[in-house]
Amino acid sequence: MIAVIGEKPSVARDIARILGASEKQDGYLSGNGYLVTWAFGHLVGLAMPEAYGIQSFRRESLPIIPDSFQLTPRQVKAEKGYKADPGALKQLKVIKDVFDQSDKIIVATDAGREGELIFRYIYQYIGCNKPFVRLWISSLTDKSIREGLQNLKAGSLYDNLFLSAQARSEADYLIGINGTQALSVAAGQGIFSLGRVQSPTLAMICTRFLENKNFVPQKYWQLKLQTTKDNVAFTALSTEKYDMQQPAIDTLQRIKEAETVQVKTVERKEVNQEPPLLYDLTSLQKEANTKLNFSADKTLSIAQKLYEGKLISYPRTGSRYISQDVFEEIPERLVNLEQYARFGGYAAGMKGKALNSRSVNDGKVTDHHALIVTENLPDKMEADEQAIYELIAGRMLEAFSEKCVKDVTSVTLECAGSLFTVKGSVIKSAGWRAVFGEKEDGEDNATLPAMQDGDSLPLSGIELLEKQTKPKPLHTESSLLSSMETAGKELENADLKASMKDTGIGTPATRAAIIETLFSRQYIVREKKNLVPTEKGLAVYNIIRDKKIADVEMTGMWENTLAKIESGEMNPDTFRKGIEVYARQITAELLGVQLSFASGSGCICPKCKTGRILFYPKVAKCSNVDCSVTIFRNKSDKQLTDKQITELVTTGKTGLIKGFKSKNGKVFDASLAFDGQFNVTFVFLEKKGKPKK
């Protein structure tokens, strides 16, 4: 018997259908000699400190560095702390039973770092030692799955991929646990989350925000000249920018007395613009944010859905290239697009033409090639899905199209001793730009009349423009993704910049989740497209800005190191030792800070009498880590206000609250009170007005 494990039920069902395993069981499918089961993402993870007998959020417990990590089933929040997710426990038992019945395993989790980690952690947790092979595919079409099943890879080929994933997982644990707990202990109240990639990303957003906010604009002046040639009017700007107004006015007066403008130089050249490369995940997310105002997380979610719908290739790719063998399939894909309404005409026009091979490079294909559409054409799609599909399909058409050819003319004019310049361009052959019919951002598309050196033109007008310097704009998700992708490009240290040339922070697969974490921690908010830090986010940044945990370069170096572990160039134990040293350093740094966060109700805890009640978005709880008083804001589908919680804490009971909802949907009114153990209970009123518990 052969076991197969997919990352999600939908993928497992597709594989089971192709294998002929059609008999439905509880948590798996069987038939034709196969047992096909599935995970639900990360079913197993690293155990929290309590599993090692360590009490959290205590100065004496830090730093928390286990001798060896323990694995535990996925945890979910409970009324008191965390507990194992019952659904995860149930499916892990199914997976163990399936593996026990089998002679070998086919690993069909997503073909990437996290997919490998999902399987290996499950495999280790249930204590399995059965041999396994790998299904490694870049799309979920039936054709791709069949070809993958015929070319299964040895599981050992992906040992280094797992070691890299494991190293990333353990590093995030050590830095996240110790950074968060050290800062929270130093604050004395509240939980302040820090992380390996999260903290430097917050630093990027805050740094840009403060630069923008504190920027002092400088005024400058420029002259704008109007002239004509062959009845075509056009304007030109002075090459000189004046820091002072008076010299600009003096020049303006002098030019006003002139009658003609001389053509000093005319430069014409043909410019060939190569088509853009295919998308990887990050470039798709940037484009979707700019053009569609989609968050990075939303784009990834839609792309994943299109992938599982067999319409596009694996989305979590970091490569913008395809291999030669995939290139050979592209003409067939382009023929398919002739049947897609928006691109049908353009795709038909590519038939018989030599395809541009700029995006073809076997050496630059990583675990997965660039994003392309599959041989399957979509039926009906939701509007957002259609928008992402069309970005990918359109970019594919662009990437394999001819160059865009333009005639660019640069003209220098002279008037009364001052120089002016103007550029114009004419597209001779639109090439790839015809797919969407878009003009290049910032391009001067003016069509200039024919001119020659020495021509004399009439002066039609001259005006003085008052301008001012502008700060770098606030980060959008698109610009933040660029900064995360190229973390080293803005460094001043030349050696450091060179060493980080190809290094970013996070990976294409994780950057969206990092940004969403900053939102969920209430460190940042969106203002239109801009990412703006909250007071809480700025407060945390001001503490960590000069600390190691906010070091963008260090985090970028780690990503480079993880890539070396994956390629077998570095021993993961060396990386682990370095992370442990770093965890000790950041813990000592953060425990030593002096700070105060104002985030409490001012109410003394009614149970321990020493702590204060702190308010959070979903809960109010005692600041004393040894005290168990916790009040969940959502009570029977009713959201409790700060005023109601304060009343409960100070008097032991609230007034009548209307609009609670029972499990069967019945609406009722009641007061809330503490019982003897300080759990929150309902207090009902009898019809005669007497209270009834």
Side-chain angles (χ1 to χ4, degrees), residues 1-44 73-74 85-112 114-158 161-162 304-316 367-368 374-376 379:
M1 195 70 72
I2 299 174
V4 182
I5 181 168
E7 191 162 320
K8 292 181 178 179
S10 58
V11 176
R13 283 194 290 269
D14 284 335
I15 295 170
R17 175 173 49 78
I18 289 168
L19 291 173
S22 56
E23 297 171 28
K24 292 183 180 179
Q25 312 292 343
D26 188 9
Y28 67 101
L29 295 151
S30 64
N32 200 28
Y34 292 94
L35 302 175
V36 183
T37 188
W38 50 81
F40 298 106
H42 288 274
L43 288 180
V44 174
R74 183 167 62 207
D85 179 352
L89 289 174
K90 180 182 177 184
Q91 191 61 19
L92 284 168
K93 184 178 184 307
V94 170
I95 293 169
K96 185 177 189 315
D97 290 344
V98 165
F99 285 4
D100 286 346
Q101 294 176 57
S102 305
D103 301 312
K104 75 171 183 176
I105 302 161
I106 297 175
V107 183
T109 49
D110 280 357
E114 289 310 296
E116 193 67 23
L117 188 70
I118 285 169
F119 164 69
R120 298 284 187 122
Y121 272 0
I122 291 171
Y123 186 81
Q124 288 182 6
Y125 176 74
I126 64 177
C128 186
N129 58 9
K130 300 287 176 71
F132 58 88
V133 291
R134 199 56 164 96
L135 174 68
W136 194 268
I137 54 179
S138 286
S139 75
L140 291 175
T141 62
D142 287 6
K143 177 186 175 185
S144 185
I145 292 171
R146 286 194 178 95
E147 288 177 353
L149 289 169
Q150 290 169 5
N151 294 280
L152 293 168
K153 310 291 185 182
S156 58
L157 291 176
Y158 302 95
L161 180 65
F162 164 63
Q304 183 69 23
K305 192 172 180 181
L306 292 172
Y307 168 66
E308 291 174 13
K310 310 175 188 299
L311 297 175
I312 65 169
S313 59
Y314 184 69
R316 291 176 169 82
D367 291 340
H368 293 279
T374 67
E375 63 269 26
N376 296 338
D379 293 323

How far does CG of D142 sit from CG of D14, to the nearest 0.5 angstrom?
-> 7.0 Å

Mind checking whether H42 and L117 have side chains closer than 4.5 Å, heavy atoms only?
-> yes

Other residues, nucleotides, ligands: >12 heavy atoms within 6.0 Å of D379 CG | no

K143 vs E375, salt bridge (charged side-chain N to carboxylate O under 4.0 Å, His left out): CA-CA, chis, key distance, verdict = CA-CA 9 Å; K143 177 186 175 185; E375 63 269 26; 5.2 Å; no

Show your working on side-chain contact (heavy atoms from CB on, under 4.5 Å) between K24 and L29 and close with a plain yes or no.
-> CA-CA 5 Å; K24 292 183 180 179; L29 295 151; 3.6 Å; yes

Quick one: pull up CG in D97 and OG1 in T37 and give me the separation to the nearest 0.5 Å.
-> 9.5 Å

Minimum heavy-atom distance between I118 and A39, given as atom pair plus value = CG2-CB, 4.2 Å

Check: R316 and Y307 side chains under 4.5 Å, non-hydrogen atoms | no

Should we count NZ of K96 as having more than 12 external heavy atoms under 6.0 Å?
-> no

Taking Q91 for its side chain and W38 for its backbone only, find out whether a donor-acceptor pair lies under 3.5 Å.
-> yes

Polar side-chain atom of S144 near backbone of S139 as donor-acceptor pair, under 3.5 Å = yes

To the nearest 0.5 angstrom, please state how far the CG atom of L43 sits from the CG atom of L92.
-> 5.0 Å

Is there side-chain contact between K8 and Q304, with heavy atoms separated by less than 4.5 Å?
-> yes

Beyond-backbone contact of I122 with I5, side-chain heavy atoms, under 4.5 angstrom | yes

Side-chain donor-acceptor pairs under 3.5 Å in residues 123-137, sequence neighbours left out?
| residue | atom | partner | partner atom | Å |
| --- | --- | --- | --- | --- |
| Y123 | OH | K130 | N | 3.3 |
| Y123 | OH | K130 | O | 2.6 |
| K130 | NZ | F99 | O | 2.9 |
| K130 | NZ | D100 | O | 3.2 |
| K130 | NZ | S102 | O | 2.6 |
| R134 | NE | E116 | OE1 | 2.7 |
| R134 | NH1 | V107 | O | 3.4 |
| R134 | NH1 | T109 | O | 3.0 |
| R134 | NH2 | T109 | OG1 | 3.3 |
| R134 | NH2 | D110 | O | 3.1 |
| R134 | NH2 | E116 | OE1 | 3.1 |
| W136 | NE1 | D367 | O | 3.3 |

So CD1 of I18 and CZ of R13: to nearest 0.5 Å the spacing works out to 14.0 Å

If you measure from CG on L35 to CD1 on I105, what distance do you get to the nearest 0.5 Å?
-> 11.0 Å

Is there a side-chain contact between Q25 and V94, using heavy atoms and a 4.5 Å cut-off?
-> no

Straight-line distance of F40 CZ to D85 CG, nearest 0.5 Å | 9.5 Å

Side-chain heavy-atom pair L89, K93 within 4.5 angstrom cut-off | no

